[in-house]
Each structure stands twice: as C-alpha cells, then as structure tokens.
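For reference, the structure discussed in these notes is given below.
Just so we're on the same page: letters track the sequence lines, and every chain starts at 1.
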Amino acid sequence: MDTNIRSVDAYKLMHEGTLALTRAEQQGIRVDLNYITKKQAYLTAKITHLEKKFKLSKFYAHWEHSVKGRVNINSNNQLAHFLYNVKKIAPEKFTVTGQGSTDDEALQMLNMEELNILLEMRKLRKVRDTYLVAFEREQVNGYIHPFFNLHIVKTYRSSSDRPNFQNIPKRDKEAMDIVRQALYPRPGHQLVEVDFSGMEVRINCCYNRDPNLIHYMTNKSADMHADMAAQIFMLDPFDKKLPDHYVLRQATKNGFVFPQFYGDYYKNCAVNMACNWGKLPHGNWSPGQGISLNGARLSDHLISKGIKSLDSFIKHVKEIERNFWDNKFPDYAAWKDRWWAVYQKYGYIDLLTGFRCSGVMARNEAINTPAQGTAFHCLLWCFIELDRMMIQEQWDTRLIGQIHDSIILDVNPDEFDHVIAMVKQVTTIDLPNQWKWINVPMEIDIDVFDVDGSWVK
DNA sequence: GGAACTCGCCAC
DNA sequence: AAACGTGGCGAGTTCC
C-alpha cells in the first residue's frame with residue numbers, strides 16, 4: 001500500500017497526538033463573558049464615533065456622490081473603485097488579480113488623513129468580529145474549545161479552528177491587550193506558555209547540517225541577527241544593547257534573515273529594511289532622514305558609507321545575500337539545491353519524522369516544508385509526553401492548546417514547580433534523546449501569567 | 001439563499 | 001530563471 005505515513009513512529013505521532021489534542025480541546029479555555037460583552041460595546045461605540053468623523057469629510061461627500069448615496073464604508077471594492085477610478089489616483093500597490101490594493105500599506109502610501117480613519121476602524125472591527133464575537137459565539141458554559149487539526153496542512157503541521165487559537169493578536173499591543181484580556185485559566189489557576197526558541201532554524205540544522213548554522217544554534221553568545229545587522233548597516237562595533245542598534249537587529253531578523261530562509265530575495269529584503277524599518281524614502285537620500293542612529297539619523301550614517309539611495313542599498317544587500325549563501329552558509333545552500341533536485345526527480349520529499357510530502361510544489365515550498373513539518377512534530381511529541389504525565393500523575397494542571405512551536409497550560413499553582421521541571425525535562429532532554437538526528441540543543445522560553453490573571457502580563 | 005470567490009489581516 | 005513558507009476567518013461580492 002502506498003501511504004505518506006512511512007513509519008510506525010509517524011503513525012503513533014498522529015494517533016497519540018490526536019488523542020492528546022482532543023483532551024486539550026475538551027478542557028478548553030475559560031473566557032470572561034462579562035468582559036467580552038462590555039468590550040464589544042466599547043469597540044462598537046468607538047467604531048461608530050470614527051464613522052461619524054469620517055462622514056464629515058469632503059472625501060466621504062465625494063465618495064457618496066460618486067455612488068449616488070450608496071456608500072458601504074466597509075467595502076474595499078467600493079473604496080478601490082473610488083480611489084483608483086473616480087479620483088484617478090495611480091495605485092501604489094496591486095492585489096494578486098491586478099486590482100488596485102486597499103490594504104494597510106497601500107492606503108498609508110496615499111498619505112490621506114481620511115484613510116487613516118478607515119484603517120483605525122478596520123483594526124477595531126477585526127478585533128471585535130474575528131476574536132471577541134467569535135469567542136462569545138463558540139463558548140459553552142464560559143469555555144471555548146478550539147479544535148486542533150492534524151489532517152489539514154500539507155507540511156504535516158497542525159491547524160486550529162472554531163475558533164482559531166493559533167492567530168490571537170500578539171504584535172500589536174492594543175489588539176493583544178483587548179483580545180487576551182478575554183482569556184483566563186480556571187479559577188485559582190494560572191496560564192503558562194512554553195515556546196521553543198528558533199525552532200525552525202534548529203530543525204533546518206538537522207536537515208542541512210551546516211556547521212556555521214549549527215555553531216549559531218549551539219553557542220549562546222553567537223548572534224546571527226546581530227552579525228548580519230552589523231554587515232547590512234555597516235556598523236563596527238555593533239552593540240545590540242544600544243536601542244538604536246537593537247532596532248536594526250530586529251529589522252535584520254525580520255527583514256532579512258527569516259525572509260532569506262523562506263526563499264525571499266535581496267530586493268524585497270532591502271526595500272523592507274530601508275523603508276519600513278529604517279523609515280527611509282524611495283529614490284535618493286538626504287541627510288537627516290530615517291530612524292535615529294548613533295546621535296544622528298540612518299541616512300547620515302549610510303551616506304557616510306557611500307550608500308546614498310535606495311538603489312544603492314539594494315545593490316549592497318544583493319552582495320550581502322550572495323555572501324550569506326556562498327560564504328556564510330554554503331552547506332545550507334548546497335542542501336537546498338540537493339533537496340530541490342530530489343523532489344524534482346522523485347516527486348516527493350521525506351521528513352526525518354517519517355512523513356512523505358508529495359504533490360505539486362514550487363521550489364520554495366519544497367525547501368520550506370521539512371523544517372515546518374518537523375518542527376511541529378517535535379512540539380507534538382512533547383505535547384504527547386506531557387499529556388501522558390498529566391494523566392499518569394493525576395495532575396490538576398491541564399494542557400489547553402498549542403501554537404506550532406509552543407504549548408499553553410492551565411496550571412494549578414501548587415503543581416507549578418513540578419510541571420515546569422517536567423516541561424524542561426521533556427523539551428530539552430527527552431526530545432533530543434528520542435530523535436538522534438537532532439544535532440543542536442533545544443531551548444525554551446517560559447512565560448508565566450498571574451494566578452487568576454488573564455493571558456496578558 | 002447558499003456556495004465560492006476576493007481581499008485583507010491575524011498567527012507561526 | 002525566479003523571487004516569502006503554512007494556515008483560519010470575516011466582510012463583501014458574484015454566481016447559480
């Protein structure tokens with residue numbers, strides 16, 4: 001029989017994983033219905049207020065006239081038609097179907113006060129409708145029971161739905177606070193979140209065995225993002241403890257290193273780092289532009305290094321990219337080529353965890369699949385182990401969810417020390433013992449929330 | 001009136 | 001030569 005589950009271990013992972021995740025689903029997460037009701041009303045009032053403000057503008061009057069009074073303020077189709085056909089503004093950005101885009105970035109580039117009101121309304125509606133309304137709809141007796149699926153994702157990671165527990169706001173502080181204040185542990189308990197640090201990069205080490213990548217994952221003082229930031233922004237010395245430098249490290253991590261690992265290329269990376277993170281304009285740069293750096297501005301520094309325009313920076317990042325793959329991580333680069341060749345020859349790729357991924361894949365998909373699937377399998381193996389301990393030792397603590405590389409627990413404070421000890425044991429010792437192909441240490445971060453407190457610190 | 005689609009946006 | 005991987009979901013819209 002032809003199957004994509006190639007080993008008993010892989011089968012067990014799915015079987016036992018399903019059972020463990022089902023127990024988490026059954027347990028559920030407590031929601032504060034009182035809070036949700038109040039916050040919904042508050043958000044609705046705020047949205048209504050913004051809507052009234054928007055309707056006073058000339059922009060709105062013109063829009064209303066153009067559709068003979070039938071404005072739907074929530075319709076991006078209408079908005080795009082008004083901006084790009086009626087007002088005949090040239091779109092700065094296009095959707096996949098070639099229409100003028102109305103997403104956050106596109107509207108911000110148009111630089112119109114009225115559009116900022118629409119963006120604020122859009123954000124508040126998202127928080128209210130996708131999260132708070134969904135929690136209220138899905139809850140039973142004050143608990144939501146998100147599903148964790150193992151049969152959906154083609155890389156063999158998981159997905160979650162009804163409601164999706166894997167996309168709760170985290171990066172935007174305001175959205176995070178509003179949504180996470182709705183989520184609680186059981187009375188007298190506390191939420192604990194355990195997440196693997198740099199999990200996908202570590203799993204890539206297991207596939208490509210690149211010595212330099214392994215070095216970065218093994219030596220605590222080695223910092224790949226800081227090293228790349230120093231190169232990209234030509235800073236020597238580079239001190240990530242300085243706030244200005246730390247911002248550039250973040251820009252490098254999220255604008256260069258991770259996108260490069262996902263298969264992006266230098267041009268996107270350069271524009272994103274310079275314009276979105278560095279706040280520099282397109283075209284030529286002048287002194288005094290961009291974010292602050294070493295007592296001056298980013299443009300002052302880059303101009304002093306001979307980089308006087310975005311185009312010049314793009315060329316610079318092109319050279320950095322070449323060096324990144326040719327000299328810094330040559331074994332990783334060679335592995336990517338081999339891996340792609342194997343897929344092209346056989347039409348499938350085999351994961352270290354015993355799963356075969358087949359079907360039509362583009363190069364980047366084929367190359368990204370192993371780390372994504374395998375990283376989740378490490379998480380799932382730990383989830384199963386902790387679930388087994390929970391039952392065997394009759395914990396009052398419960399596993400309540402999982403977000404690809406993290407586990408969320410509802411912890412009885414009396415059991416806290418023991419649970420944390422078991423979490424550390426399973427994730428950093430038992431897991432690498434279980435799978436001998438793991439060739440770098442596994443590290444975790446643990447976030448502890450207040451007893452009877454929400455999922456906000 | 002529901003299915004399927006587009007777009008936008010949240011997470012890793 | 002080409003050029004960011006995996007999902008879920010709400011609102012609007014179109015199709016049948």
**OP:** Verify the distance criterion only: is there a donor paired with an acceptor across the side chains of A/Asp104 and A/Gln108 at less than 3.5 Å?
**Re:**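 Judged by distance alone, the side chains do pair up.
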
Verify the contact: side-chain N or O of [X] to OP1 or OP2 of [N], cut-off strictly under 4.0 Å; return yes or no.
X	N	answer
A/Asn74	C/dG12	yes
A/Arg122	B/dC9	yes
A/Thr155	C/dG5	no
A/Thr369	C/dG5	no
A/Lys170	B/dC12	yes
A/Arg171	B/dC9	no
A/Ser159	C/dG8	yes
A/Thr95	B/dC7	yes
A/Asn72	C/dG12	yes
A/Ser75	C/dT13	yes

Using a 4.0 Å heavy-atom cut-off across all strands, classify [X] as base, sugar-phosphate, or nothing.
X	answer
A/Ser158	nothing
A/Arg137	sugar-phosphate
A/Phe165	nothing
A/Asn368	sugar-phosphate
A/Pro169	sugar-phosphate
A/Ile152	sugar-phosphate
A/Lys267	nothing
A/Val133	nothing
A/Glu365	sugar-phosphate

Original post:
Are A/Phe165 and A/Phe147 close enough, and set up right, to give a ring-ring contact (aromatic ring centres under 6.0 Å, His included), and what steps lead you there?
Top reply: CA-CA 8 Å; A/Phe165 186 64; A/Phe147 289 83; over 10 Å; no

Subject >> Gap between atoms OH and P, on A/Tyr156 and C/dT6 respectively (whole Å) >> reply: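 To the nearest whole Å, that distance equals 15 Å.
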
Subject >> Distance, rounded to the nearest Å, where A/Phe256 contributes CZ and C/dA3 contributes C1' >> reply: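 In whole Å, C/dA3 C1' lies 14 Å from A/Phe256 CZ.
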
Original post:
With a 3.5 Å cut-off and just heavy-atom distances, do the side chain of A/Lys126 and the base of B/dC9 make a donor-acceptor pair?
Top reply: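 Donor-acceptor pair under 3.5 Å: yes.
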
Subject >> Base B/dC12 paired with A/Arg157 side chain (donor-acceptor, <3.5 Å) >> reply: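 A donor-acceptor contact between them is present.
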
Original post:
What about A/Tyr343 and A/Tyr348, are their ring centers closer than 6.0 Å?
Top reply: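 Distance test on ring centres: not under 6.0 Å, no.
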
**OP:** If the plane angle is over 60° it's perpendicular, under 30° parallel, otherwise tilted; pick one for A/Trp325 and A/Tyr332.
**Re:**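 Plane angle over 60°, so perpendicular.
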
